[in-house]
J.: 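Submitted below is the structure of interest, expressed as structure tokens.
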Amino acid sequence: MNNENKSIHEFDLNLICEYFSNVERQGPGSPEVTIKALSYIENLTDASRIIDLGCGTGYQTMVLGQHAPGLITGIDLFSVFIDLFNTNAKKLNLQDKVKGVVGSMEELSFQEKELDLIWAEGSIYNIGFERGLKEWKRFLKPGGYVAVSEASWFTDKRPTEINDFWQEEYPGIDTIPNKVTQMQNAGYIPVASFILPENCWTEHFFDLQIPAQEAFLKKHKGNKAAEDFVVRQQYENQLYYKYKEYYGYVFYIGKKI
Ligand code: SAH
């Protein structure tokens, strides 16, 4: 990458981080869904070690902190998100139980068999579903759990427009039975999988972006990269309303054998 491209790339990343810092969460989800996924996980105690990978500003981590025993570490690549994460933990008086640190899900430095639970809502796609499940397993105790949400197809066939969009966005998207098989092949018992309800996309994700988009465009008036980014977000949101029968987010919960 030459210097010019690199600086454009970094500039775009800063914009993306700024945009998503101003919304409640950085992917589809809801407190109810986090609590439902947590209900499948057994044997957690006050001594349990839990990590939340790709935690963003930590909306779901705070829900975990309020409903699960144990100590929770949120990990995200971007310090802007982690700073907000730790501010949110303090606001909720969770700072002794929930801590955010900057790091990559691709380079974890935990001991083997140290963890009781690995959580990742709307973020495992960054490493890839199969690769993440395989690489993270060694850090889990036998009988430990993984709980991840991931974009998935609901049908075997789908219209070209949405198929092409996702092939470009995330070629790892697959049907629910295929994802469950991948989880089993990675060495987990597939304990549960369930589709996230529509309000995880609408009420908890898209609706909150509308005022954030207005403020963002006002602040970056005339900035083509910022305008293009918002147009892309709006297009993604429209595609969801048009094709939501064909895809969505699915939670997958697995137990290490
Ligand atoms: N779990 C949050 C955020 C999901 S968005 C929620 O549900 O709201 C995906 C997150 O993954 C972003 O915050 C992004 O910064 C983070 N991310 C991307 N690549 C990463 C990596 N290699 N390691 C850790 N986090 C990463």
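First listed ligand is number 1; within each ligand, the first listed atom is number 1. The structure displayed is predicted, hence computed values, not measured ones. Count residues from 1 along the sequence.
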J.: Can you tell me if Gln182 and Tyr188 form a side-chain donor-acceptor pair at under 3.5 Å?
T.: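 Result is no, nothing qualifies.
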J.: Only heavy atoms of Gly56, strictly under 4.0 Å: list the atoms of ligand 1 that pass.
T.: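 Near Gly56, the atoms of ligand 1 are 13 (O).
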J.: At less than 4.0 angstrom from any non-hydrogen atom of Gly103, what atoms of ligand 1 do you find?
T.: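 Counting atoms of ligand 1 from 1, those under 4.0 Å from Gly103 are 23 (N), 24 (C).
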J.: How about Gln26 and Tyr59: does a side-chain donor come under 3.5 Å of a side-chain acceptor?
T.: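 Side-chain D/A pair, Gln26 to Tyr59: absent.
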J.: Is Arg131 paired with Glu106 through a side-chain N to carboxylate O contact shorter than 4.0 Å?
T.: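 So Glu106 pairs with Arg131 through a salt bridge.
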J.: Please tell me whether Glu121 and Tyr249 have a donor and an acceptor in their side chains that are separated by less than 3.5 angstrom.
T.: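 Their side chains do not contain a donor-acceptor pair, so the 3.5 Å distance test is not met.
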J.: Between the side chains of Lys224 and Asp228, is the shortest nitrogen-to-carboxylate-oxygen separation below 4.0 Å, so that they form an ion pair?
T.: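 A salt bridge links Asp228 with Lys224.
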J.: Find all atoms of ligand 1 within a distance of less than 4.0 Å from any non-hydrogen atom belonging to Gly122, and give their numbers and elements.
T.: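 The atoms of ligand 1 under 4.0 Å from a heavy atom of Gly122 are 4 (C), 5 (S), 9 (C).
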J.: With a 3.5 Å cut-off and no angle check, do the side chains of His220 and Glu227 form a donor-acceptor pair?
T.: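 No, no side-chain donor-acceptor contact under 3.5 Å.
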J.: Ignoring hydrogens, just give me the one of Glu121, Glu106, Met105 whose non-hydrogen atom is nearest atom 21 (C) of ligand 1.
T.: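 Of the listed residues, Met105 has the closest heavy atom.
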J.: What do we get for Cys55 next to ligand 1 when only non-hydrogen atoms under 4.0 Å count, side chain, backbone, both or neither?
T.: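 The answer is the backbone.
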J.: Linking Ile, Leu, Val, Met, Phe, Trp and Tyr by side-chain heavy atoms under 4.5 Å, what else ends up with Val80?
T.: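 None, because no other hydrophobic side chain comes under 4.5 Å of this residue.
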J.: Can you list the atoms of ligand 1 that are under 4.0 Å from a heavy atom of Gly27?
T.: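 Near Gly27, the atoms of ligand 1 are 6 (C), 8 (O).
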J.: Could you find the nearest protein heavy atom to atom 8 (O) of ligand 1 and give me its residue, atom name and distance?
T.: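 Its nearest protein heavy-atom neighbour is Gln26 N, 2.9 Å.
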J.: Are a donor atom and an acceptor atom from the side chains of Asn178 and Thr175 found within less than 3.5 Å of each other?
T.: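 Yes, side-chain donor-acceptor contact under 3.5 Å.
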J.: Could you list the cluster mates of Val231? Members are the ILVMFWY residues connected by side-chain heavy atoms closer than 4.5 Å, either directly or through other members.
T.: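 Members besides Val231: none; it forms no cluster.
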J.: Does ligand 1 have an atom under 4.0 Å from some heavy atom of Leu53?
T.: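 So Leu53 does not count as touching ligand 1.
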J.: Give me the residue, atom name and distance of the protein heavy atom closest to atom 6 (C) of ligand 1.
T.: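 Result for atom 6 (C) of ligand 1: Gln60 OE1, 3.2 Å.
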J.: Under 4.0 Å from a heavy atom of Phe78: give me the atoms of ligand 1 that qualify, with their elements.
T.: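 Close to Phe78: 15 (O).
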J.: Looking only at distance, does Ser123 have an N or O less than 3.5 Å from an N or O of ligand 1?
T.: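 No, Ser123 has no N/O under 3.5 Å of an N/O on ligand 1.
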J.: Thinking salt bridges, do Arg138 and Glu114 make one under a 4.0 Å N-O criterion?
T.: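 Glu114 and Arg138: not salt-bridged.
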J.: Where does the angle between the aromatic ring planes of Trp201 and Tyr240 fall among parallel (under 30°), tilted (30 to 60°) and perpendicular (over 60°)?
T.: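 The arrangement is parallel - the two ring planes meet at less than 30°.
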J.: Checking contacts here: is it the side chain or the backbone of Phe20 that comes within 4.0 Å of ligand 1, counting heavy atoms only? Could be both or neither.
T.: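 Under 4.0 Å from ligand 1, Phe20 contributes no heavy atoms.
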J.: Considering distance alone, does some N or O of Ile75 sit under 3.5 Å from an N or O of ligand 1?
T.: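 No.
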J.: What closest approach, in Å, do Cys200 and Val33 show between heavy atoms, and which atom pair accounts for it?
T.: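 Heavy atoms of Cys200 and Val33 come nearest at SG-CG2, 3.6 Å.
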J.: Kindly confirm or rule out a cation-pi arrangement of Lys113 over Phe139, judged by NZ or CZ under 6.0 Å from the six-membered ring centre and within 45° of its axis?
T.: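 No - Lys113 does not lie over the ring of Phe139 by the 6.0 Å and 45° rule.
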J.: I want to confirm something. Looking only at heavy atoms, which of Val33, Ile127, Asp76, Val102 is nearest to atom 12 (C) of ligand 1?
T.: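 Answer by nearest heavy atom: Asp76.
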J.: Show the atoms of ligand 1 that are less than 4.0 angstrom away from any heavy atom in Arg25.
T.: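 Those atoms are 6 (C), 7 (O), 8 (O).
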J.: Give me the residue, atom name and distance of the protein heavy atom closest to atom 22 (N) of ligand 1.
T.: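 That would be Ser104 OG, 3.2 Å.
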J.: Give yes or no for whether the N/O distance cutoff of 3.5 Å, strictly under, is met between Tyr125 and ligand 1.
T.: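 Among all N and O atoms of Tyr125, none is under 3.5 Å from an N or O of ligand 1.
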J.: How close does the nearest protein non-hydrogen atom get to atom 20 (C) of ligand 1, and which residue and atom is it?
T.: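 Going by distance alone, atom 20 (C) of ligand 1 is nearest to Leu77 CD2, 3.6 Å.
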J.: What atoms of ligand 1 come within less than 4.0 Å of a heavy atom belonging to Phe81?
T.: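 Selected atoms, number and element: 13 (O), 15 (O).
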J.: Quick one: nearest non-hydrogen protein atom to atom 3 (C) of ligand 1, plus distance?
T.: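 Here the nearest protein heavy atom works out to Gly54 O, 3.4 Å.
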J.: Backbone, side chain, both or neither: what part of Asn126 comes under 4.0 angstrom of ligand 1, heavy atoms only?
T.: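 Asn126 to ligand 1: side-chain contact only, backbone stays beyond 4.0 Å.
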